Amino acid sequence: MTRFKFFDMNKKKIIFVTIYIILIFLLAAYKHYTFQSTYELGIENRKLIQTMKGHFYYFDDFDWNDLGNHFHIVNILIVFPIHYLFSSVYTLIIIKILALVTSALVVYEISKDLGDVADLLFYGFLMFPMIIHIQLEDYHAVIFSVPFFLLTFLAFQKNWTKRFYLFLICLLLVQEDISLMVIMLGGYLFFHDKARGIKVLLIGIIAFLLIPNMIQPAIMNSEWFFHYSYKYGYLGSTLPKIVKTIVTNPIHSFTYTPLYQKAILIKSLLTPYAFLPLLSPISIIAIPPILEIALHDGVEHMCSNSYHALPIYVVFFVATIDVLRRMTVKWRKKIAKTLFVLIIIFLLIGEVGHWLSDDYLFNYNFFGGESCKKNEFQFFTEDRNFIASQNYKKIHELIDEIPENSSVLVPFHLYSHFTNFKTTKTFYAIDDCFNYDYIIFDKQDVYLPNLERFDVILEDLKKGYEVILQIDRLYILEKNEGICI
């Protein structure tokens with residue numbers, strides 16, 4: 001069979017990957033156009049647009065340089081030049097798809113010594129529910145942890161010393177908390193190559209001491225970080241304080257939220273791999289991101305299908321390869337085929353589950369429990385839960401009429417469509433006075449504050465705004481003179 005140089009891809013893989021990229025992009029673009037993409041996609045597009053305007057990585061909602069909140073250096077270095085040339089939210093969609101498809105190719109390279117099993121792992125990675133989910137609906141710089149972790153591991157496996165450290169540094173610069181994973185990676189490597197393990201351990205510790213302890217506070221000019229204080233307030237307001245609390249007061253840290261929810265989360269993370277990662281020491285590298293999800297201060301954040309889980313899934317994939325490598329050829333093929341079938345079953349359950357039950361029964365049993373109910377997997381059929389999604393054509397017609405020099409206040413699920421405007425904020429940022437040119441008010445906004453006062457706030461807003469469109473509980477208002485409530 002004819003072979004191609006790039007990652008040893010044959011024609012069959014090239015055809016599959018090409019169709020896969022086109023199909024996933026079309027589905028992701030459709031979901032975005034029908035208002036089913038996420039807040040994070042809009043945040044990234046907004047920060048890059050602000051950077052092009054001379055406001056480096058500036059985020060309107062909180063009036064700060066977002067590097068102080070999340071240290072996304074790799075994301076800036078890779079994405080900004082491309083986005084500068086092709087400034088569009090669809091550019092981000094393509095980039096995240098290519099990043100994860102590239103990751104599948106690295107999975108194949110890592111497991112190539114396993115023969116036919118490598119093909120199953122390659123296709124299984126691309127069909128993995130979380131991988132498809134993140135490509136269709138979400139965007140977050142943490143996606144780059146997937147290819148760079150895999151490339152780091154491949155370089156270790158191939159004994160490419162220079163490339164190993166290059167990929168390791170890139171991995172560290174994906175996000176500030178990756179330094180904790182690198183520390184665990186150093187611990188794992190210590191038992192295979194003591195000298196390299198110690199070096200990686202020291203690099204991880206230095207990165208942890210520098211980035212969240214010194215560099216980010218200097219950027220933020222504060223020791224308070226929204227991401228950490230909002231979701232881990234009972235542990236501390238910064239990553240170092242959180243780590244200190246976990247080490248010095250583990251009982252408080254692990255019992256603040258119900259233990260059974262943590263058990264459900266861990267079960268949902270391991271089930272797609274038939275719990276095989278538990279048999280590999282590589283899994284210790286996933287401990288920091290597991291804790292990042294499991295120690296959230298509310299069960300609504302303890303979900304296995306958020307982008308925070310991506311580093312966990314990629315570590316478990318490598319751990320599964322490690323377990324398969326230690327099996328006999330006969331059992332290796334049987335287990336790999338079983339895992340592939342399991343992945344396809346999970347994919348189908350996520351797709352048809354909403355047809356079989358009106359509640360979130362399938363998430364409770366397969367995808368992380370009650371905490372995942374806001375993010376039920378549903379890939380290929382239409383999800384028209386939002387009023388805006390049901391009336392997307394009408395909403396788009398109105399958006400096209402709003403001048404780009406306007407200031408707008410929008411719900412989270414519409415934010416990514418307003419990133420080109422002069423000022424764009426969500427209801428995270430509101431205070432008692434409303435002076436935006438346009439306000440879109442939607443009862444279905446899951447983050448809308450003071451939800452019980454929705455009708456009161458709306459009636460007050462009507463005193464300073466004119467309702468130019470109403471569809472059920474969604475209102476688009478245009479400013480007359482603004483109002484303070």
Side-chain angles (χ1 to χ4, degrees), residues 7 13 99-134 142-143 145-158 167 171 181 184-185 187-189 191-192 265-290 293-294 304-305 308-347 349-350 366-368 377:
F7 282 115
K13 285 191 181 70
L100 294 174
V101 168
T102 301
S103 301
L105 297 172
V106 185
V107 165
Y108 176 77
E109 284 293 312
I110 290 173
S111 58
K112 195 163 57 175
D113 61 306
L114 303 182
D116 294 341
V117 169
D119 290 323
L120 287 171
L121 292 167
F122 168 77
Y123 293 115
F125 185 90
L126 290 175
M127 301 305 292
F128 199 84
M130 181 57 194
I131 297 299
I132 293 181
H133 175 72
I134 203 77
V142 77
I143 61 170
S145 67
V146 180
F148 282 116
F149 176 81
L150 290 168
L151 287 167
T152 301
F153 219 89
L154 177 64
F156 168 69
Q157 184 175 289
K158 300 287 187 181
F167 294 142
L171 178 63
M181 286 182 63
M184 302 304 290
L185 174 63
Y188 166 76
L189 293 178
F191 295 97
H192 296 269
L265 169 68
I266 294 171
K267 184 198 78 163
S268 68
L269 291 167
L270 286 166
T271 302
Y273 308 92
F275 293 84
L276 285 178
L278 292 177
L279 302 176
S280 171
I282 293 173
S283 294
I284 66 169
I285 303 168
I287 290 175
I290 289 174
I293 300 176
S304 60
N305 63 2
H308 296 293
L310 269 176
I312 303 170
Y313 285 118
V314 70
V315 171
F316 282 175
F317 233 94
V318 175
T320 301
I321 294 172
D322 179 53
V323 174
L324 292 173
R325 186 172 279 123
R326 288 187 266 119
M327 292 181 178
T328 63
V329 174
K330 179 181 177 180
W331 277 103
R332 181 189 299 159
K333 288 184 177 180
K334 286 183 178 181
I335 297 296
K337 288 177 181 178
T338 302
L339 290 174
F340 183 78
V341 171
L342 189 62
I343 287 171
I344 299 301
I345 289 172
F346 272 43
L347 191 67
I349 287 172
F366 293 96
F367 299 123
F377 285 112

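Here the structure is a predicted model, which means the values were calculated and not measured.
Minimum heavy-atom separation, S280 to V323: CB-CG2, 3.8 Å. Nearest heavy atom pair, residue I132 against residue M127, reads CD1-O, 3.8 Å.
For F156, there are no ring-ring contact (aromatic ring centres under 6.0 Å, His included) partners two or more places apart in sequence or in a different chain. For F122, there are no ring-ring contact (aromatic ring centres under 6.0 Å, His included) partners, not counting sequence neighbours. With sequence neighbours excluded, the residues forming a side chain to side chain donor-acceptor pair (under 3.5 Å) with Y188 are H192, listed by chain and number. Qualifying ring-ring contact (aromatic ring centres under 6.0 Å, His included) partners for F167, counting only residues two or more places apart in sequence or in other chains: none. Evaluation of the side chain to side chain contact (heavy atoms under 4.5 Å, CB included) rule for K337 yields L120 as partners, not counting sequence neighbours. Looking at residues two or more places apart in sequence or on another chain, you find a ring-ring contact (aromatic ring centres under 6.0 Å, His included) between F316 and Y273. For A294, the side chain to side chain contact (heavy atoms under 4.5 Å, CB included) partners at least two apart in sequence or on another chain are K262, L265. Under the side chain to side chain contact (heavy atoms under 4.5 Å, CB included) criterion, V318 pairs with F149, L150, F153, I282, sequence neighbours left out. Partners of D116 under the side chain to side chain donor-acceptor pair (under 3.5 Å) rule, at least two apart in sequence or in another chain, do not exist in this structure. With sequence neighbours left out, P311 forms a side chain to side chain contact (heavy atoms under 4.5 Å, CB included) with V142, S145, M181, P289.
With hydrogens and angles ignored, the 3.5 Å screen pairs a side-chain donor or acceptor of R332 with a backbone N or O of R325.
Among pairs with a residue in residues 313-322, those fulfilling salt bridge (charged side-chain N to carboxylate O under 4.0 Å, His left out) read D322-R326, at least two apart in sequence or across chains.
We find the CG-CD1 distance between L269 and I293 to be 6.0 Å, quoted to the nearest 0.5 Å. To the nearest 0.5 Å, the span separating CE on M130 from CD1 on I343 amounts to 14.0 Å.
For F125 and F317, the ring centers sit closer than 6.0 Å to each other.
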